[in-house]
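These numbers come from a predicted model, not from an experiment.
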Amino acid sequence: MFKKLIATKDDISALILRLGMGIVFFPHGAQKALGWFGGHGFSATLSAFADRMHIPLIFAILAIAAEFLGAIALIFGFLTRVAAFGLFVVMLVAIFMAHAHNGFFMNWSGMQKGEGIEYHLLVIAICIALMIKGGGSLSVDKKISK
């Protein structure tokens, strides 16, 4: 089963997708986990998830881990499918708990009360591609699957 999980081909498109996702999500995860990039850090993020969004503690911890550790895993291509699945779930939850009521479009003009779901849908599509393809070229998955 583990072999199937890490199996991947020497695919440059998977490399591009996972590096793009990892680079984009690392700052978001670091904000939540470490307080970097203007974030509030682990404790404050857990409080916000629990108090304002009523997310159970275990799911809040998993969301932070998916964004921070998942981003690092994607950059290195380690357990790519697991990392992509974690971000997939985080984006689904974000759509239904925080963004769907704002419509489709992102808040480009600053005229909406919040962000729409278009970004989240793009992330979901990339996650699905990575779950299908795996880590691709230059990935730890590729290296250890041999």
Side-chain angles (χ1 to χ4, degrees), residues 1-107 114-146:
M1 174 119 151
F2 184 71
K3 263 191 167 308
K4 285 184 178 181
L5 186 67
I6 63 171
T8 189
K9 295 181 178 171
D10 201 19
D11 186 339
I12 192 107
S13 62
L15 167 67
I16 293 166
L17 289 172
R18 74 176 166 77
L19 283 178
M21 284 282 290
I23 291 167
V24 166
F25 267 91
F26 180 77
H28 290 280
Q31 285 179 316
K32 292 172 180 73
L34 306 173
W36 293 0
F37 305 105
H40 299 291
F42 190 75
S43 296
T45 301
L46 281 182
S47 292
F49 280 4
D51 299 340
R52 284 186 291 202
M53 299 178 76
H54 308 291
I55 295 173
L57 185 64
I58 187 66
F59 294 127
I61 292 169
L62 288 172
I64 294 168
E67 286 193 33
F68 183 62
L69 299 175
I72 294 168
L74 287 176
I75 290 168
F76 288 101
F78 180 62
L79 298 176
T80 301
R81 288 182 174 94
V82 174
F85 180 74
L87 291 173
F88 173 87
V89 171
V90 168
M91 291 296 101
L92 277 180
V93 171
I95 285 172
F96 291 108
M97 290 196 70
H99 299 283
H101 65 275
N102 294 320
F104 179 78
F105 295 103
M106 291 182 66
N107 193 8
E115 300 292 342
I117 64 170
E118 67 178 318
Y119 168 78
H120 305 82
L121 294 176
L122 286 172
V123 170
I124 287 170
I126 293 169
C127 287
I128 291 169
L130 288 170
M131 287 188 284
I132 292 168
K133 289 184 155 291
S137 301
L138 303 176
S139 66
V140 172
D141 290 347
K142 177 81 174 126
K143 185 79 171 166
I144 63 177
S145 69
K146 290 182 178 179

Taking distance alone, no hydrogens or angles, what donor-acceptor pairs closer than 3.5 Å link side-chain atoms of residues 47-55 to residues at least two apart or in another chain?
from	atom 1	to	atom 2	distance (Å)
Ser47	OG	Ser43	O	3.2

Look up atom [atom1] in [X] and atom [atom2] in [Y], then write down how far apart they are to the nearest 0.5 Å.
X: Ser139; Y: Phe76; atom1: OG; atom2: CZ; answer: 12.5 Å
X: Asn102; Y: Ile95; atom1: CG; atom2: CD1; answer: 12.0 Å
X: Leu46; Y: His40; atom1: CG; atom2: NE2; answer: 13.0 Å
X: Phe26; Y: Phe37; atom1: CZ; atom2: CZ; answer: 5.5 Å

Subject >> Phe59 side chain near Val93 side chain, heavy-atom distance below 4.5 Å >> reply: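 The answer is no, as the side chains (C-beta and beyond) never meet within the 4.5 Å cut-off.
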
**OP:** Not counting sequence neighbours, list each pair that qualifies as a side chain to side chain donor-acceptor pair (under 3.5 Å) and has a residue in residues 75-87.
**Re:**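 Those involving residues 75-87 are Thr80-Asp141.
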
Original post:
With sequence neighbours left out, which residue pairs that include part of residues 86-97 fulfil the side chain to side chain donor-acceptor pair (under 3.5 Å) condition?
Top reply: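 Checked against side chain to side chain donor-acceptor pair (under 3.5 Å) - neighbours excluded - no pair reaches residues 86-97.
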
Subject >> Any pair counted as ring-ring contact (aromatic ring centres under 6.0 Å, His included), so long as it reaches residues 121-146, sequence neighbours left out >> reply: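 Qualifying pairs, neighbours excluded: none.
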
Original post:
Under the ring-ring contact (aromatic ring centres under 6.0 Å, His included) rule, what pairs show up with a residue in residues 119-146, not counting sequence neighbours?
Top reply: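 Sorted result for residues 119-146: His99-His120.
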
Original post:
Where do Leu130 and Leu87 land on the side chain to side chain contact (heavy atoms under 4.5 Å, CB included) test, with the steps shown first?
Top reply: CA-CA 11 Å; Leu130 288 170; Leu87 291 173; over 6 Å; no

Original post:
Would you call the rings of Phe88 and Phe85 parallel, tilted or perpendicular if under 30° counts as parallel and over 60° as perpendicular?
Top reply: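 Plane angle under 30°, so parallel.
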
Only pairs at least two apart or in different chains count here, so list each salt bridge (Lys or Arg N to Asp or Glu O under 4.0 Å) that has a residue in [range].
range: residues 36-48; result: none
range: residues 84-95; result: none
range: residues 20-31; result: none

Distance-only check: which donor-acceptor pairs under 3.5 Å involve side-chain atoms of residues 4-21, not counting sequence neighbours?
from	atom 1	to	atom 2	distance (Å)
Thr8	OG1	Lys133	O	3.0
Thr8	OG1	Gly135	N	3.4
Thr8	OG1	Gly136	N	2.7
Asp10	OD1	Ser137	OG	2.9
Asp11	OD1	Ser13	N	2.8
Asp11	OD1	Ser13	OG	2.5
Asp11	OD1	Ala14	N	3.4
Asp11	OD2	Ser13	OG	3.4
Asp11	OD2	Lys133	NZ	2.4
Arg18	NE	Gly135	O	2.6
Arg18	NH1	Leu74	O	2.9
Arg18	NH1	Ile75	O	3.0
Arg18	NH2	Ser137	O	2.7
Arg18	NH2	Leu138	O	2.9

Subject >> Phe105: side chain to side chain contact (heavy atoms under 4.5 Å, CB included) partners, not counting sequence neighbours >> reply: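 In terms of side chain to side chain contact (heavy atoms under 4.5 Å, CB included), with neighbours along the sequence ignored, Phe105 is linked to Gln112, Glu118.
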
Original post:
Which pair of non-hydrogen atoms, one from Ala84 and one from Met131, has the smallest distance, and what is that distance?
Top reply: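 Nearest heavy atoms, Ala84 then Met131: CB-CG, 3.9 Å.
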
**OP:** Check Lys142 against Ser145 and note the closest heavy-atom contact, atom names and distance.
**Re:**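 That would be O-OG, 3.0 Å.
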
Side-chain polar contacts of residues 61-70 - donor-acceptor pairs under 3.5 angstrom, sequence neighbours left out - could you list them?
from	atom 1	to	atom 2	distance (Å)
Glu67	OE1	Lys32	NZ	3.0

